[in-house]
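First listed ligand is number 1; within each ligand, the first listed atom is number 1. Given the structure is predicted, the values throughout are model-derived calculations rather than measurements.
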Amino acid sequence: MVKVVKFGGSSCADATQFAKVRSIVQSDPARRVVVVSAPGKRFKDDHKLTDLLYLCAAHIQYGVGCEDIFGMIRGRYNDIARGCKLDIDLNPEFDALWEKMQNGISADELASRGEYFSAKLMAAYLGFDFVDAALWVKFRFDGSVDQDASYAALQQAADGHGVVIPGFYGVMPDGHIKTFTRGGSDITGALAAAALDADVYENWTDVSGILMADPRIVKDPAPIRYVTYNELRELSYVGAQVLHEGAVYPVREKHIPLNIRNTNDPAHPGTLIMEKIEDDQNNGDSFITGIAGKKGFSIITVFKTGLSSEHGILLQIMEVLEKHKINVEFILSGIDTVSLMVSAAEVSRQLYEVLGELQKNVKPNSITVAEHIAIVAAVGRKMAYRLGTSGKLFATLGEHGVNVRMITQGPDELNIIVGVEEKDFEQAIRVLYDSFVKE
Ligand code: ASP
């Protein structure tokens with residue numbers, strides 16, 4: 001049994017958090033591959049070390065001194081080492097880094113040191129081996145990860161014993177350090193879990209899992225206990241802030257469950273994401289898994305008598321949008337109409353050209369544009385088995401004065417998506433949560 005455990009920035013912020021990580025790791029011998037982020041914020045107005053490192057990189061770029069910032073960075077790591085009573089002196093490595101910074105260092109390499117030093121300290125604290133990400137996370141020149149080569153390298157380096165790996169970076173074919181996009185330690189963890197065919201990938205953070213709705217809109221939403229990878233994709237597509245696609249793909253591909261856990265509440269089971277979920281694995285009594293949504297859409301509706309029997313008309317419409325690089329999010333068709341939901345930002349720059357070309361090529365009776373539209377989606381694997389869900393959804397929205405401008409349901413009935421006016425967005429999410437989750 002092997003569990004790959006990744007700890008985010010808040011879990012590595014100081015010696016107190018390091019101690020929590022150690023007790024979590026030590027409580028289960030299967031937790032022997034540990035991936036860490038750089039230390040994050042200890043309190044609200046604190047700085048993340050990665051931000052401080054990028055700040056140094058910017059100072060270097062503009063030829064401005066950054067001794068003070070570098071001193072803060074060094075101080076944070078030394079505080080952790082002292083607080084954890086570690087017999088390790090990182091100062092020679094910091095001196096060497098400072099030296100390198102004077103002679104030119106890439107922003108990627110400098111930013112990567114945040115996780116590098118974090119992993120060095122964590123390895124010493126846990127008594128595990130330090131395995132540098134530069135030894136196994138192998139990028140191609142196009143910036144993609146060479147999974148086969150990376151997996152083979154990690155299998156060799158992490159063979160059977162406890163290791164700590166810095167997240168967020170890897171190495172280019174020419175030996176240069178390259179980082180992922182921000183938050184990329186999640187990707188490193190997922191790659192490590194996939195490489196080692198882990199039984200589970202645990203992603204430890206400071207929340208007890210993914211919430212059923214945005215807490216800025218719904219008061220104290222419940223965390224999701226079980227969610228499928230498909231549902232998660234639907235939720236993030238419609239706006240839920242969950243994991244980066246790159247942090248899900250490697251584990252999903254290998255059918256490895258992903259468990260989001262809270263370092264500050266280790267007894268909480270968090271959210272378990274799996275390919276398939278058994279019938280008895282429920283989210284309490286709620287029959288939907290989550291509600292999400294986002295603003296910023298427009299609906300273009302083309303009306304033409306006999307539209308559905310006219311060959312190639314959809315293609316003509318799509319060609320106009322394609323020419324203007326406007327992505328169509330949803331298409332809905334009636335007998336004489338077709339409605340296209342598009343991003344308002346993409347269409348607004350060129351709305352009149354698009355309408356003009358549709359008029360010329362498609363020769364419709366009329367075209368209307370509804371602006372300031374938001375989408376709201378109720379996602380749930382159980383919706384497919386329940387009759388009357390969409391009826392209830394409409395009734396609920398109607399009773400609360402939310403005007404539904406569009407509705408679409410995926411063929412697998414995993415979600416129902418409605419288009420509402422942006423002014424009704426928050427209200428729509430709240431009433432759906434109250435009626436479907438708290439029912
Ligand atoms: N430390 C990096 C960041 O702040 C990567 C990570 O924490 O995942 O973006």
Side-chain angles (χ1 to χ4, degrees), residues 4-14 17-18 20-21 24 33-58 69-70 72-77 79-80 90 94 97 105-123 130-134 136-137 139 143 145 150 164-171 177-194 201-207 209-210 236 241-251 258-264 270:
V4 170
V5 287
K6 180 256 163 181
F7 291 91
S10 59
S11 308
C12 302
D14 57 19
Q17 295 301 91
F18 262 55
K20 293 181 189 170
V21 170
I24 290 166
V33 178
V34 179
V35 177
V36 290
S37 279
K41 292 184 182 190
R42 296 160 293 181
F43 43 86
K44 194 168 158 280
D45 294 326
D46 196 16
H47 303 291
K48 293 181 177 189
L49 283 190
T50 310
D51 293 340
L52 295 179
L53 288 159
Y54 278 123
L55 201 55
C56 284
I69 308 166
F70 193 74
M72 279 166 76
I73 296 169
R74 187 197 289 253
R76 287 280 301 270
Y77 288 102
D79 282 352
I80 295 174
L90 291 178
F94 274 111
L97 176 60
I105 185 169
S106 72
D108 274 24
E109 182 173 349
L110 188 48
S112 76
R113 298 304 86 185
E115 343 296 286
Y116 172 88
F117 287 117
S118 183
K120 280 259 155 140
L121 292 179
M122 191 62 83
F130 168 80
V131 171
D132 197 346
W136 71 275
V137 178
F139 286 102
V145 174
S150 303
V164 179
I165 299 167
F168 191 40
Y169 70 95
V171 67
I177 297 282
K178 175 177 164 55
T179 58
F180 290 110
T181 48
R182 294 299 305 265
S185 299
D186 285 341
I187 308 177
T188 314
L191 290 169
Y201 169 33
E202 291 179 349
N203 193 314
W204 291 82
T205 161
D206 56 2
V207 287
I210 303 169
S236 43
Q241 303 276 319
V242 272
L243 292 162
H244 192 287
E245 184 65 14
V248 171
Y249 176 73
V251 276
L258 199 169
N259 192 190
I260 299 178
R261 302 285 294 265
N262 187 352
T263 302
N264 303 319

Participant: With a 4.5 Å limit on heavy-atom distance, are the side chains of Thr179 and Thr50 in contact?
Facilitator: no
Participant: Would you call Leu97 and Phe70 a side-chain contact if the rule is heavy atoms closer than 4.5 Å?
Facilitator: yes
Participant: When you look at OH of Tyr249, are more than 12 heavy atoms from neighbouring residues, nucleotides or ligands closer to it than 6.0 Å?
Facilitator: no
Participant: N/O to N/O below 3.5 Å, does that happen between Asp186 and ligand 1?
Facilitator: no
Participant: If you count the atoms of ligand 1 from 1 in the order shown, which ones are under 4.0 Å from a heavy atom of Ser185?
Facilitator: 5 (C), 6 (C), 7 (O), 8 (O)
Participant: When the ring centroid of Phe117 is compared with that of Phe94, is the distance short of 6.0 Å?
Facilitator: yes
Participant: Identify the protein heavy atom lying closest to atom 7 (O) of ligand 1, giving its residue, its atom name and the separation to 0.1 Å.
Facilitator: Ser37 OG, 2.9 Å
Participant: Just going by heavy-atom distances, which of Thr50, Val36, Val35 is nearest to atom 1 (N) of ligand 1?
Facilitator: Thr50
Participant: So, does Gly184 sit close enough to ligand 1 that a heavy atom of it is under 4.0 Å from the ligand?
Facilitator: yes
Participant: Report the nearest protein non-hydrogen atom to atom 3 (C) of ligand 1: residue, atom name, distance rounded to 0.1 Å.
Facilitator: Arg182 NE, 3.3 Å
Participant: Are any of the N/O atoms in Gly183 less than 3.5 Å from those in ligand 1?
Facilitator: yes
Participant: Is it the case that atom NZ in Lys48 sees more than 12 heavy atoms from other parts of the structure closer than 6.0 Å?
Facilitator: no
Participant: Could you check if a side-chain atom of Asp46 sits within less than 4.5 angstrom of a side-chain atom of Arg76, using non-hydrogen atoms only?
Facilitator: yes
